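Please read these numbers as outputs of a predicted model, since none were measured by experiment.
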Amino acid sequence: MRRYSWLLAVLGGVAVLSFLSVAVFTSTGPDTTWSTVGGVGVALVALWMWLDRDALARASATRGARYTVTSLTLVVLAAGIAVAVNVLAHRYDKRWDLTASRQYSLSEQSVQVVRNLDRDVKVLAFFSRGSQEEANFKDRIESYTELSDHLSVEWIDPLLDPRKAREHDITSAAGTVILVSGDDEQRLETDFGEEALTNALIRLTSGEEHTVCFTSGHGELDPDDDATVAGLGGIVTKMEGQNYKAEKVLLAREGGVPERCEMLVAADPEKDWLPAEREMLAAYVAGGGKFLLLLEPTHAPGLAADMARYGITVGDDVVLEQNPNYALAGGDPSYIILDPQSFDHHEITDAIKGAVLLRLVRSVSKGDDVKGIRVQELAHTTEQGWAETSLGTDAVAQPDPGQDIIGNVPLMAVAEVDDPETIQVGDRTIGERAGALDAILGTPAEAAPAEAPPVERKKGGRVLVIGDVDFATNMLIDQFANQDLFLNSVAWMVGEENQVSIRPNEAARGTLTMNLFQGIILWLTALLFVPGLAVVGALVTWLRRRNR
């Protein structure tokens, strides 16, 4: 019996190792069967040690045995530490992104959207098994699934499961991602980046689509223009990628702001609005509407002056900044950089962590108090900024005390209407109701345009005025945090507070570039210098030991 007792040690060791493997590398842990296997293994090892107790006692008295026991103890200790570290890493997964642009970290908006999921979303990932596209998407989607139990992923190879591929109409060889929640779904077929994925989640879970109307007819920037530097097509594309629909409206033709417009944007009208159009705007705001005005210096003076109706003063000036830390390199003081210290506390600006670049700005400040309307200035220059009012002259630009605003010049302001009765609304009709054209055409007076309907007043109106439009154009929208300022403004206006955050900016990915000389130095260091030091150190050690 003792002659074959070593078999007990082998069987017991295998059983114990099997039990430990199940305990360490499975999420559910060992069940009753595996626990029984582990217990039997311990019993077999104990039986072997009792049967061979005399041989073990003699072996333990030798020097070799002591060395062996010490070595085995160190090996077991090292293995235990390695296993413990792997278990902790598996259960408490944590990654650190050390790239300057946070390339491998989710943006604050993505984190916020995923954590706020209140219903289950299943991601169907159709990729060829082992493809680079699958690997890239797997690395990205893991960052999402770690944040919410409502998000799950099913990996499907269209070649191995053609039935499901046909069921979901999969035709792309480069992969397709389908997000499903209940009866709703969103498809991604070309872009699987963070911005596209987060936008798909927003569209899937928001529950409604907001219509944002852009005024036209006065020389405003075109929301459909994504080809020129002065267009707004870039930011509109980002809006439409979420749960917004952009539409152009001509107030004079519509007779007012259409009811479908949850928000109205006037993107730098060069020509002034008609008096009746300004009254249409007043009726819209008094009825709870939201209005965003982006206005460059000298443009639309009548509309700029009318903002006083809402407690906001728009200056007839150009803001200049002489603080080198807040001006663009090159010495042009009309470019102004705003950092988080430049913004006041507000839902729109609190989430902005980066810089915002403005170009050719006019001052926008809190005006005379209007009862029932709360006004707050959102951003200022430094003490070295001023609002230059001597426009169109040959004089050297310099602050004029008593005439210019000097230091901490406000650049944007927001008004919130608590009492809509305080907003005065005048005549909203354009032209005479029974004019010369009626007489020429023989139109009876009864057929003349009817008077505008009475204003249905409702609290909640909002007016946001920013003294610059360039930051939202195709030229600058991907610079710094410009898109966050515009999209946060839109989200706050329409009541999508969950979308007021920092968004992924695919254009801000950092890259490492080197010239030829730097590349040669790096190659020599990595392949020759560092390994060479190791070889030299080994030779010196060998020679010293040989000469002893």
Side-chain angles (χ1 to χ4, degrees), residues 215 218 220 251 257 263-269 272-273 275 277-319 336 338 342-349 356 358 360-381 385-387 389 404-405 407-426 457 459-469 471-472 485-486 488-490 492-494:
T215 63
H218 311 89
E220 294 93 337
L251 299 186
V257 182
M263 176 181 173
L264 185 68
V265 180
D268 192 33
D272 230 332
W273 286 22
E277 290 178 304
R278 297 198 290 267
E279 300 305 323
M280 295 173 190
L281 173 64
Y284 174 67
V285 175
K290 283 74 177 176
F291 177 59
L292 170 60
L293 174 61
L294 309 175
L295 196 59
E296 295 276 296
T298 72
H299 291 176
L303 180 60
D306 193 57
M307 292 300 102
R309 188 187 315 213
Y310 314 103
I312 296 175
T313 297
V314 181
D316 184 17
D317 48 36
V318 174
V319 179
I336 298 176
L338 303 177
S342 306
F343 295 106
D344 289 349
H345 290 295
H346 191 272
E347 289 91 334
I348 294 175
T349 57
V356 172
L358 307 179
L360 203 62
V361 194
R362 70 194 302 172
S363 66
V364 179
S365 59
K366 180 179 179 180
D368 296 334
D369 288 339
V370 178
K371 184 179 180 181
I373 299 180
R374 291 177 288 118
V375 179
Q376 179 183 346
E377 296 173 353
L378 299 184
H380 298 79
T381 67
W386 82 94
T389 55
D404 300 337
I405 303 175
N408 295 318
V409 182
L411 307 175
M412 57 189 77
V414 63
E416 297 184 67
V417 180
D418 295 326
D419 182 8
E421 298 294 336
T422 195
I423 299 179
Q424 300 298 319
V425 181
R457 298 179 182 270
K459 67 181 301 184
R462 295 173 174 178
V463 175
L464 172 61
V465 182
I466 302 177
D468 178 52
V469 72
F471 81 95
L485 175 59
F486 187 91
N488 283 1
S489 300
V490 173
W492 179 76
M493 283 283 199
V494 301

To the nearest 0.5 Å, what is the distance between [atom1] on [X] and [atom2] on [Y]?
X      : Y      : atom1 : atom2 : result
Ile405 : Thr389 : CD1   : OG1   : 9.0 Å
Tyr284 : Lys290 : OH    : NZ    : 7.5 Å
Ser342 : Leu378 : OG    : CG    : 12.5 Å
Leu338 : Leu485 : CG    : CG    : 8.5 Å
Ser489 : Arg462 : OG    : CZ    : 11.5 Å
Ile312 : Glu377 : CD1   : CD    : 9.5 Å

Hey, are the side chains of [X] and [Y] touching, using non-hydrogen atoms and a 4.5 Å cut-off?
X      : Y      : result
Ile466 : Phe486 : no
Pro269 : Thr215 : no
Leu464 : Ile348 : yes
Tyr310 : Leu281 : yes

For [X] and [Y], which heavy atoms make the closest approach, and how far apart are they?
X      : Y      : answer
Val375 : Ala415 : CG2-CB, 3.9 Å
Asp344 : Gln376 : CB-NE2, 4.0 Å
Val465 : Met307 : CG2-SD, 3.8 Å
Arg362 : Ala304 : NH2-CB, 4.1 Å
Asp272 : His218 : O-CD2, 3.6 Å
Met280 : Leu251 : SD-O, 3.6 Å

Subject >> Partner residues of Asp418 under the salt bridge (Lys or Arg N to Asp or Glu O under 4.0 Å) criterion, sequence neighbours left out >> reply: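 Per chain and number, Asp418 pairs via salt bridge (Lys or Arg N to Asp or Glu O under 4.0 Å) with Arg374.
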**OP:** Run the numbers on Asp468 and Leu411 for side-chain contact (heavy atoms from CB on, under 4.5 Å), then give the verdict.
**Re:** CA-CA 8 Å; Asp468 178 52; Leu411 307 175; over 6 Å; no
Short question: side chain of [X], backbone of [Y] - any donor-acceptor pair under 3.5 Å?
X      : Y      : result
Ser365 : Pro410 : no
Ser363 : Val409 : no
Glu347 : Asn488 : no

**OP:** Please lay out, stage by stage, how Val257 and Phe291 fare under the test side-chain contact (heavy atoms from CB on, under 4.5 Å).
**Re:** CA-CA 11 Å; Val257 182; Phe291 177 59; over 6 Å; no
List the atom pairs, with distances to 0.1 Å, where a side-chain N or O of residues 293-301 and a protein N or O form a donor-acceptor pair under 3.5 Å, not counting sequence neighbours.
unit_1: Glu296; atom_1: OE2; unit_2: Val469; atom_2: N; d: 2.9
unit_1: His299; atom_1: ND1; unit_2: Asp268; atom_2: OD1; d: 2.8
unit_1: His299; atom_1: ND1; unit_2: Asp268; atom_2: OD2; d: 3.2

**OP:** Apply ring pair (Phe, Tyr, Trp, His ring centres under 6.0 Å) to His346 and list each qualifying residue two or more places apart in sequence or on a separate chain.
**Re:** Trp492
Original post:
Applying the side-chain contact (heavy atoms from CB on, under 4.5 Å) test to Ile373, which of Asp419, Val463, Ile423 qualifies?
Top reply: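 That would be Ile423.
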**OP:** Carefully, step by step, assess Asp404 and Asp317 under the rule side-chain contact (heavy atoms from CB on, under 4.5 Å).
**Re:** CA-CA 8 Å; Asp404 300 337; Asp317 48 36; over 6 Å; no
Original post:
Taking NZ, NE, NH1 and NH2 as the nitrogens, is one of them in Arg309 or Glu279 under 4.0 Å from a carboxylate oxygen of the other?
Top reply: yes
